[in-house]
Amino acid sequence: MEAADIARAALVFDADSAAALPRRLGAPPDGRRWTSVVTDAGLVFASVSGRDPGVGHIDLLAVHPDQQGKGHGRELVRAAEEWLRAQPVNEVRFAGNPPCYAWPGIDVRYTAAACLAESLGYERYHVAWNMTADLSADLSVEDDLVRLAAQGVTVGSGERERVAEFAREHWNDNWAWEAANAAGLHHAERDGKILAFAAWGARPAWFGPMGTAPEARGLGLGGVLLKRCLAEQRAAGQSHAQIGWVGPLRFYSRAVGARAERVFWLYRRELA
């Protein structure tokens with residue numbers, strides 16, 4: 001059975017992106033070591049990034065519904081751990097390995113996966129969450145574009161190399177990679193200098209990351225770029241958008257009425 005077919009059948013809370021996740025994880029940043037095991041029953045992806053070589057990640061675990069409850073998930077995790085042990089790493093996590101990841105951790109609605117992790121000795125050490133934006137909301141930005149133009153600010157799309165360098169300069173390599181690999185990318189600039197950006201689709205179907213340079217905060221750039229991305233996601237056929245691994249709840253709630261909805265538990269254990 002193909003990895004995409006297993007993911008599509010098993011990942012019922014990720015219907016809009018399940019089939020794309022194996023492809024995304026199979027095209028990670030340079031310097032990342034990774035492996036996958038795909039059987040007729042399920043699949044597992046594991047990875048180690050060059051920036052933290054002592055930590056391994058189980059990036060994706062899925063067991064076909066027809067095969068659940070038969071121990072296949074445990075076998076797949078053990079296979080991933082054996083590969084990680086040979087890298088070698090001293091800690092394994094069920095946690096997102098940015099910038100190329102499936103989830104921040106285990107979605108609590110995939111309760112069987114959380115139970116499996118705990119039965120294998122993984123400890124819960126952190127909580128992360130997503131927000132959900134209803135794409136039927138008003139996402140128009142025409143008045144904002146006029147306002148910004150009066151201040152010498154223009155808004156555009158693309159410019160991947162320039163935006164990636166901006167993200168690297170102000171934040172980190174992870175955001176630069178996501179900007180370069182996003183399905184949609186929007187930015188604001190003035191006098192040839194990028195001031196802010198927002199991206200979607202680096203993690204299939206999700207919004208993020210986005211950021212504004214310190215000197216440009218207060219201009220309302222974030223809300224404009226957010227809405228442009230969400231409008232693009234709506235045009236791509238989505239009815240809702242996940243805002244991944246959220247920090248500023250208040251901003252997204254006020255800008256587009258997003259709600260905190262999806263909770264992830266992050267797990268880890270030492271690998272002897």
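All values reported here derive from a predicted model rather than from experimental measurement.
Atoms CG and CG, from D173 and D30 in turn, are 11.0 Å apart once rounded to the nearest 0.5 Å. Between the OH atom in Y110 and the SG atom in C115 there is a gap of 15.0 Å [rounded to 0.5 Å].
Contact between V256 and A137 at its shortest, heavy atoms only, is O-CB, 4.4 Å. Contact between V163 and A179 at its shortest, heavy atoms only, is CG1-CB, 4.1 Å. Across A19 and A4, no two heavy atoms sit closer than the pair O-CB, 3.7 Å. When all heavy atoms of I106 and A117 are compared, the closest pair comes out as CD1-CB, 4.1 Å. Across all their heavy atoms, A198 and L226 have their closest contact at CB-N, 4.4 Å. Heavy atoms only, all atoms of each residue included: A128 and P104 are closest at CB-CB, 3.8 Å.
The stretch residues 152-164 participates, sequence neighbours left out, in these side-chain hydrogen bond (donor to acceptor under 3.5 Å, both in side chains) pairs: R162-E189.
Atom CG of D143 is surrounded by 12 or fewer heavy atoms from other residues, nucleotides or ligands within 6.0 Å. The environment of CZ in R254 is sparse: at most 12 heavy-atom neighbours from other residues, nucleotides or ligands sit within 6.0 Å. For E270, the CD atom counts as loosely surrounded, since its 6.0 Å shell holds 12 or fewer non-hydrogen atoms of other residues, nucleotides or ligands.
Side-chain contact between V55 and V89: absent, with no pair of heavy atoms (C-beta onward) separated by less than 4.5 Å. With a 4.5 Å cut-off on side-chain heavy atoms, Q151 and R190 count as touching. For the pair R259/M131, no side-chain contact is recorded, criterion being any heavy-atom separation below 4.5 Å from C-beta on. At a threshold of 4.5 Å between non-hydrogen side-chain atoms, the residues V63 and L43 do not count as touching. Side-chain contact between V77 and F94 is present, with heavy atoms from C-beta onward closer than 4.5 Å. The closest side-chain heavy-atom distance from W200 to Q238 is below 4.5 Å. Contact annotation: the side chain of V44 approaches that of I58 to within less than 4.5 Å [non-hydrogen atoms, C-beta and beyond]. The side-chain heavy atoms of N97 and R51, taken from C-beta on, include a pair separated by under 4.5 Å.
Residues L61 and V12 do not share a hydrophobic cluster, defined by chaining ILVMFWY side chains whose heavy atoms lie under 4.5 Å apart. Under the 4.5 Å side-chain heavy-atom criterion for Ile, Leu, Val, Met, Phe, Trp and Tyr, L135 and V246 are members of the same hydrophobic cluster. Cluster membership check: V155 does not share its hydrophobic cluster with I194, using side-chain heavy-atom separations under 4.5 Å among Ile, Leu, Val, Met, Phe, Trp and Tyr.
When atom types are taken as modelled, the side chain of N172 and the backbone of N174 share a donor-acceptor pair closer than 3.5 angstrom. Formation of a donor-acceptor pair under 3.5 Å by the R217 side chain with backbone atoms of T212 is found in this model. Side-chain N or O atoms of S140 include none that pairs as donor or acceptor with a backbone N or O of E142 at under 3.5 Å. For the pair Y252 (side chain) and T132 (backbone), a donor-acceptor distance under 3.5 Å is absent. For the pair R33 (side chain) and G50 (backbone), a donor-acceptor distance under 3.5 Å is absent. For the pair R234 (side chain) and L139 (backbone), a donor-acceptor distance under 3.5 Å is absent.
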Start with the C-alpha distance between E2 and R8, add both sets of side-chain angles, then the distance that settles salt bridge (Lys or Arg N to Asp or Glu O under 4.0 Å), and finish with yes or no. CA-CA 10 Å; E2 296 291 332; R8 187 183 295 110; over 6 Å; no
Does the salt bridge (Lys or Arg N to Asp or Glu O under 4.0 Å) test come out yes or no for D107 and R109, once each step is laid out? CA-CA 5 Å; D107 185 328; R109 296 175 300 176; 3.0 Å; yes
Step-by-step ring-ring contact (aromatic ring centres under 6.0 Å, His included) determination, Y125 to Y267: CA-CA 6 Å; Y125 72 97; Y267 286 91; 8.3 Å; no
Take H72 and H64 through the side chain to side chain contact (heavy atoms under 4.5 Å, CB included) test and state the conclusion after the steps. CA-CA 9 Å; H72 295 297; H64 194 281; over 6 Å; no
Go through S119 and R74 one step at a time and tell me if the side chain to side chain donor-acceptor pair (under 3.5 Å) criterion holds. CA-CA 9 Å; S119 74; R74 183 176 296 267; 2.9 Å; yes
Evaluation steps, side chain to side chain contact (heavy atoms under 4.5 Å, CB included), between T35 and F45: CA-CA 6 Å; T35 192; F45 278 73; over 6 Å; no
Can you check salt bridge (Lys or Arg N to Asp or Glu O under 4.0 Å) on R24 and D59, steps first, answer last? CA-CA 11 Å; R24 174 75 286 169; D59 297 304; over 6 Å; no
Worked check of side chain to side chain contact (heavy atoms under 4.5 Å, CB included) between D16 and W206: CA-CA 10 Å; D16 59 349; W206 286 13; 5.5 Å; no
Check against side chain to side chain contact (heavy atoms under 4.5 Å, CB included), V153 and L221: CA-CA 9 Å; V153 177; L221 302 179; 4.0 Å; yes
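Among F264, W245, W34, the one residue that satisfies the ring-ring contact (aromatic ring centres under 6.0 Å, His included) test with Y101 is W245.
Ion pair R269/E81 flagged as a salt bridge, since at least one NZ, NE, NH1 or NH2 atom sits closer than 4.0 Å to an Asp/Glu carboxylate oxygen. A salt bridge does not link R78 with E75: none of the charged nitrogens is closer than 4.0 Å to a carboxylate oxygen.
Checking H57 against R93 by side-chain atom types alone, no donor-acceptor pair falls below 3.5 Å. Between the side chains of W103 and N130, no donor N or O sits under 3.5 Å from an acceptor N or O. For the residue pair S17 and R203, a side-chain donor N or O sits within less than 3.5 Å of a side-chain acceptor on the partner. Of the N and O atoms on the side chains of Q233 and H240, not one donor lies less than 3.5 Å from an acceptor on the other residue.
Under the 30°/60° scheme for interplanar angles, the aromatic rings of W171 and F166 are found to stand perpendicular.
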